[in-house]
Each structure stands twice: as structure tokens, then as C-alpha cells.
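Chain letters run A, B, ... following the sequence lines, proteins first, then strands; residues in each count from 1. Predicted model only: the values in this text are computed from it and were never measured.
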There are 2 protein chains.
Amino acid sequence: MPPAPEAAISATADEIRVAALEQFARAGYSSTSMRDIAGSVGIKAASLYNHFGSKEAILWDLTLTAFEELLRGRDLAIANLPNNSTPQDRLACLVTSHVAFHAKNSNQALLVNSQLAALSKSHYRKAVAMRAQYEDTMREVIDEGVAKGIFDTTDARVATFAILQMGMAVSGWFRPEGPLTVTDLCTIYVDLAAKMLAPLPLSH
Amino acid sequence: MPPAPEAAISATADEIRVAALEQFARAGYSSTSMRDIAGSVGIKAASLYNHFGSKEAILWDLTLTAFEELLRGRDLAIANLPNNSTPQDRLACLVTSHVAFHAKNSNQALLVNSQLAALSKSHYRKAVAMRAQYEDTMREVIDEGVAKGIFDTTDARVATFAILQMGMAVSGWFRPEGPLTVTDLCTIYVDLAAKMLAPLPLSH
DNA sequence: TGCTCAAACTAACGATCGTTAGTGTAGCAG
DNA sequence: CTGCTACACTAACGATCGTTAGTTTGAGCA
């Protein structure tokens, strides 16, 4: 009986993470079997239990890491803002880190955006809390801009969802070998978000 | 004479459709068993095969219906446009039918947006073709507006994705018992889309 | 060299999966 | 009434699922 397989720094464990992330994101958690994951790594299914306690433990490990990287990206972006930043600056900075994450880490993004339901109830709650924490950052910036009259929108909550969601969708179609670089993409989305919230009167 | 015989569609088959749609949309195709579906209807799993040839046949039936309704909504909206409609009119009309569908038919929307991968290869191809056909309608309107100088955007393809995706996300959070009516919602999204494509210079 | 132990293996458990076969039965047509 | 059809049932098939038990292997170290 192997000892408690806690989060280990092991080359095999990392190969398992890579294979499982890829397959959970593309095929879905419940369509991916332990034998599928093991096959990608070149071992048998039973050997996975030397590294992770269960299939759900793999998903949770990946989910936690993905959220940590998402939140870390946000924190790094915020930390680089000047002291006298405007709401426009902060919006641009958040949209950039949001879109860049979803373009560069599409598997992690797909996992976080569509496989949470497969988590255990307690892990699911924690994941939803982390997602809410992330979304709140965007909402607060938008609310602040609206309060200062710098942004204008009929419904700030809906605008927040819209901006977050159009960025999340990037993970579904963006390919780094395509015509756009990640930097291009971020610029486009920053423009779109800024225009959505612009206080300009529409003529018609 | 008795009533039209072909009008007598099996009530049980429709109950199966309702139950399967709900569960495929919420839990996912591969997490839903035939016994789950049968249980919701109040019959045994084997009896489902009196109405559908296979589990995938149920998914395909639901997918086809959902796409037909999505495309029919688009066609009805277009048919109601005046003859001298502008690109702004057409954009507003498409966004309205898009958002209204995703708000009113969230289960169908979730199915179409996240369960296509569970279809057989040939059904998947047909589904992707229908989705492309739908998306093209939006892209053409945007391209036309850009060509006429009425819309302005850095990348029309990305703007199309963004507008479509922010509307799709509605199926994930909108609740009819919430503070917004579907009409409110459509108005908000039409405004957001119009602003995203507005050719106005941003002041800052 | 021999001991240790992480990490691979084989084999199998019980559960559940989609699906099929065969049976029972209620309602309608002739 | 008789027979046919529609549609439910029970029972079970073989496949596959996540997981466990017990065994083998091979590298590092006393």
C-alpha cells in the first residue's frame, strides 16, 4: 500500500498533469478515463494512484493551479499599474491579463470554464469562490468608472459579464500560429471593452 | 372524421426529449445515463429504445431541433426588417434574436454550445456546418457595415466572435425571475454591440 | 553486496454503462 | 372475439469504469 500521495515534485506526476489537463479540457472530465490518461503518459492506470489519490484529485490539482495562475496574472498586472492610474488604465490592464491568459493557457481556461461541475461538492464551492473573487476585480473597476462618470453603461453587471465572457471565448478559437499575436489580441479586446463602456452618445 | 392522425406525436417521446435536454445541458452528455433519463420520465432504460435508436440519437434529435429553432429565430427577425434597413438595423435585429434565444432557451443553447463533441463524427460535421452558417450571418452584417464605413473595428472577425460569445454567455447566468426581462437584456446587448462597432473617436 | 523504497506492474473487484432479447399487456381494427 | 400494434417490463450481455491488492523492478545508499 503506497503512502499518502501528496502533491509531489515528480516528473511523472507532471506528465500526468499535462496529459490530464489536455484531455479534461478537450474531451471533458467524464469522457476521459484513468486508462486514457495513463496511456498518454505510457504507464498503466493503477500506477496513477502512486501520484494522485483519485481521478477527482487530479482535476482538483489542475483546477487549483489554473485558478492560482489566473489570479497571479491579475495581481502582477495590477502591481505594474502606476500609482495615479485611471479606471481606463485599470480596465485595460485587467482585460489584457484576462485575454492573455485565455489565449496562452487555453487548456487551463477551458478546464476552469467548463469542468467545474465535475468537482466534489466542497471543491466545487471553493472553485466558485475563486471565480467570484476574480470576477469581482473586473466588476469593481467598472463600477468605479461608472461612479466617476468615466464609464457609461445601461447595466454594469451585464457589461462585466460581457467583457469577461468575450475574453473567455478566446480560449476556444485562438491559435498562436494564426495571423494574430497575443499582443494584437489583447489590444483588440482592450479597444472593444473601452468602447463598450465609453460614455459617448450614439447618433441615430 | 377523427382528428389528423399525423398530429398524434408520442407524448412519451416528448417527455424523453425534455428530460434529456435538461440533463445533457446541465450535467453533460457523458455524465447522463440512459437510466437517468428514463428515471426522470418514469420508465425503465430499455423502454427508451421504443422511441429512439440510441443515446446519441436523442442528442442528435435535440441538437437538430435547437439549431433549427436558432436559425428560424434569425430568419424571422430578418424577415421583419424594413426594405431599406441599415447595417445598424440589421445588427440590432440579429443581436436581439441571438440574445433572446440564449435567454429563453438556455438548455438548448447550452447543448449547442458545449455538447457538440459528443455527437458522432458525421452528425458533428453537420452541427458545425449549421453553427458556421449561423455565425456567417452576423459576420456578413458586420463586414458590410465596415465596408460602408458605418462600423469601425480593428478586426471584424474578432468583433464578430466577441458579439456572438457575449450573447451565448447569457444562457449561463440569465434567470427570467431576475430583475431583467428578456427585452431589457436584448436592449442592453444591442447597445453594447453597437458601441463596440461605433466609428466614434474615443476621448481621453 | 545487500537493503530499502518509490514506482511500475498484473489481476481483479464491484459498479455502472449502452444495449439487446424476450415477455406481458392494454387498446384499437377487422 | 381475435389479432395486431405500441409500449411497457424484466433480465441479462459484454464492455468499461474507478479503484484496490499484491507483486516485481530498479536505482540509491549503508
Side-chain angles (χ1 to χ4, degrees), chain A residues 1-21 23-24 26-63 115 117-124, chain B residues 1-21 23-24 26-63 115 117-124:
Chain A
M1 191 185 305
E6 294 305 316
I9 310 287
S10 139
T12 306
D14 272 341
E15 286 183 61
I16 294 169
R17 282 190 237 313
V18 170
L21 175 60
Q23 301 190 54
F24 287 168
R26 201 183 41 206
Y29 176 80
S30 61
S31 298
T32 302
S33 72
M34 293 297 264
R35 288 166 178 84
D36 289 336
I37 298 168
S40 296
V41 178
I43 60 178
K44 301 292 177 181
S47 302
L48 295 173
Y49 292 85
N50 288 321
H51 304 277
F52 294 91
S54 69
K55 186 186 179 189
E56 197 266 353
I58 303 178
L59 178 62
W60 177 235
D61 178 286
L62 296 172
T63 303
Q115 301 300 322
L119 289 167
S120 73
K121 204 162 290 185
S122 98
H123 287 159
Y124 177 78
Chain B
M1 292 290 278
E6 63 270 18
I9 305 173
S10 160
T12 304
D14 272 341
E15 286 182 61
I16 293 170
R17 277 184 258 266
V18 170
L21 175 60
Q23 301 190 55
F24 287 167
R26 202 185 41 208
Y29 176 79
S30 61
S31 298
T32 302
S33 71
M34 293 297 266
R35 288 166 178 85
D36 290 335
I37 298 168
S40 297
V41 178
I43 59 179
K44 300 293 176 180
S47 301
L48 294 173
Y49 292 85
N50 288 320
H51 304 277
F52 295 92
S54 68
K55 186 186 178 188
E56 197 264 355
I58 303 178
L59 178 63
W60 176 236
D61 178 286
L62 295 172
T63 302
Q115 301 301 324
L119 289 166
S120 73
K121 203 162 290 186
S122 97
H123 287 159
Y124 178 77

- Report the residues that fulfil side chain to side chain donor-acceptor pair (under 3.5 Å) with B/Ser30, sequence neighbours left out, ordered by chain and then residue number.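 A/Ser30, A/Ser31.
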Donor-acceptor contacts, no H, no angles, side chain residues 43-52 of chain B, under 3.5 Å, sequence neighbours left out:
none

- Task: Using the test salt bridge (Lys or Arg N to Asp or Glu O under 4.0 Å), find all partners of A/Arg35 that sit at least two apart in sequence or belong to another chain.
- Result: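 With sequence neighbours excluded, A/Arg35 shows a salt bridge (Lys or Arg N to Asp or Glu O under 4.0 Å) to no residue whatsoever.
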- Protein proximity profile, nucleotides 5-19 of chain D - base contact B, sugar-phosphate-only contact S, no contact -, cut-off 4.0 Å on heavy atoms: --SBBB-B----BBB
- Task: Apply side chain to side chain contact (heavy atoms under 4.5 Å, CB included) to A/Ala57 and list each qualifying residue two or more places apart in sequence or on a separate chain.
- Result: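 Listed in chain order: A/Ser54.
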- Task: For residues 51-61 of chain B, pull every pair meeting salt bridge (charged side-chain N to carboxylate O under 4.0 Å, His left out), keeping only residues two or more places apart or in separate chains.
- Result: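 Every pair satisfying salt bridge (charged side-chain N to carboxylate O under 4.0 Å, His left out) with a residue in residues 51-61 of chain B: B/Arg17-B/Asp61.
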